[in-house]
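Working notes, structure below.
Count residues from 1 along the sequence. Predicted model only: the values in this text are computed from it and were never measured.
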Amino acid sequence: TKDNLDIADLLAAAERQGFTEIDTKHASYALSAKGKAQYDAWMRDAQDLIQRYDIYTDVDADSTGKAYFDSGSGQDLRVTVWEFEQVDPFRARFLLGLNDGEWDELSDWRRAVTDAAWYGEVFAPVENAPTVDDFGRARLQRVMDQAKAELHGGMT
C-alpha cells in the first residue's frame with residue numbers, strides 16, 4: 001500500500017465509503033463486496049449503452065437525414081445522440097472505456113491518473129464530437145428514427 005502514495009487520498013476515501021478493503025494476505029487493496037457491486041453496476045450500464053447506442057458508431061447521413069449505418073465512411077454520432085437524449089457523455093465515455101478494458105494495462109497508470117493530458121486524450125471524442133445544433137436537431141431526429149427502426153427490425 002505504501003507504493004501508492006500518489007493515490008493515497010483516493011484509496012482512503014474508497015475505503016471509508018466501503019468500496020475497497022485491505023487484503024492482508026497480499027498486503028494490497030481489493031474491491032469489497034460493495035465495490036464489486038458498484039463495478040458490476042457500471043458494467044451493466046456500459047452494456048446498456050452499447051445496446052442502445054452502438055448503431056451510431058458509424059453513420060453516414062446526407063443533408064436530409066437519410067442515414068446509412070456501418071457504412072465504413074461515416075462519423076461517430078454517439079456523443080451527439082447522448083447529448084440529445086441527455087445522457088452524460090463523459091460518464092458514458094468512461095463506462096465504455098472501462099468495459100472495453102482500455103485502461104487495464106497502462107504502462108504508467110500512476111502518471112496517467114494525475115495527468116490532465118491523459119484525461120484530455122480519454123475525453124477527446126466527447127470534446128470533439130459535433131453538437132446537436134452543429135449536426136441539426138431535425139436531421140438528427142430523422143437519423144435516430146431510422147436507427148430505432150433498424151434496431152427493431154423495421155429496415156433492411
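- The minimum heavy-atom distance linking Asp23 with Ala30 is given by the pair CB-CB, 4.2 Å.
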Audit row: Ile22, Tyr29, side-chain contact (heavy atoms from CB on, under 4.5 Å) steps and yes/no: CA-CA 5 Å; Ile22 302 236; Tyr29 287 94; 3.9 Å; yes
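- Under the 4.5 Å side-chain heavy-atom criterion for grouping Ile, Leu, Val, Met, Phe, Trp and Tyr, Phe84 is connected to Val79 within one hydrophobic cluster.
- Of all heavy-atom pairs spanning Ala92 and Val87, the tightest one is CB-CG1, 4.3 Å.
- Note: Lys66 NZ to Asp60 CG = 11.0 Å, rounded to the nearest 0.5 Å.
- In terms of heavy atoms, Leu151 sits closest to Arg52 at CD1-O, 4.2 Å.
- A continuous path of hydrophobic side-chain contacts links Trp42 to Trp82 [ILVMFWY only; heavy atoms under 4.5 Å].
- Counting only distance, with no hydrogens or angles, the side chain of Arg93 and the backbone of Val122 share a donor-acceptor pair below 3.5 Å.
- The closest side-chain heavy-atom distance from Asp45 to Arg91 is below 4.5 Å.
- Using a 30° and 60° split on the angle between ring planes, Tyr56 and Phe69 fall in the perpendicular class, above 60°.
- Two different hydrophobic clusters hold Tyr68 and Val143 under the rule that ILVMFWY side chains link at heavy-atom gaps under 4.5 Å.
- One finds the CG atom of Asp76 at 11.5 Å from the CG atom of Asn128 (value rounded to the nearest 0.5 Å).
- Taking both residues in full, the closest heavy atoms of Tyr119 and Ala112 are given as CE1-O, 3.7 Å, listed atom of the first, atom of the second, then distance.
- With rounding to the nearest 0.5 Å, the separation of OG1 in Thr114 from CZ in Arg111 is 7.5 Å.
- Considering CG of Leu31 and CG of Asp40, their distance stands at 9.5 Å, rounded to 0.5 Å.
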Residues Asp62, Arg139; criterion side-chain contact (heavy atoms from CB on, under 4.5 Å); working and verdict: CA-CA 9 Å; Asp62 65 23; Arg139 182 176 170 220; 5.9 Å; no
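- Residues Phe94 and Trp103 form a side-chain contact, since some pair of their non-hydrogen atoms from C-beta on lies under 4.5 Å apart.
- Checked by atom type and distance alone, the side chain of Gln146 pairs as donor or acceptor with a backbone atom of Gly65 at under 3.5 Å.
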Evaluation steps, side-chain contact (heavy atoms from CB on, under 4.5 Å), between Met144 and Leu77: CA-CA 10 Å; Met144 292 172 62; Leu77 293 179; over 6 Å; no
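- Atoms CG and CD, on Leu95 and Gln47 in that order, are 10.5 Å from each other to the nearest 0.5 Å.
- Ser32 places no side-chain N or O within 3.5 Å of a backbone atom of Glu21 that could act as its donor or acceptor partner.
- Side chain of Asp58 to backbone of Gly74: a donor-acceptor contact under 3.5 angstrom is found.
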Worked check of side-chain contact (heavy atoms from CB on, under 4.5 Å) between Phe123 and Phe90: CA-CA 7 Å; Phe123 293 115; Phe90 293 96; 3.5 Å; yes
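- Although no hydrogens or angles enter the test, the distance criterion places no donor-acceptor pair under 3.5 Å between the side chain of Glu83 and the main chain of Thr131.
- Atom CD1 of Ile50 sits about 14.5 Å away from atom CD1 of Ile55, to the nearest 0.5 Å.
- Between Glu102 and Leu96, the closest side-chain pair of non-hydrogen atoms is not below 4.5 Å.
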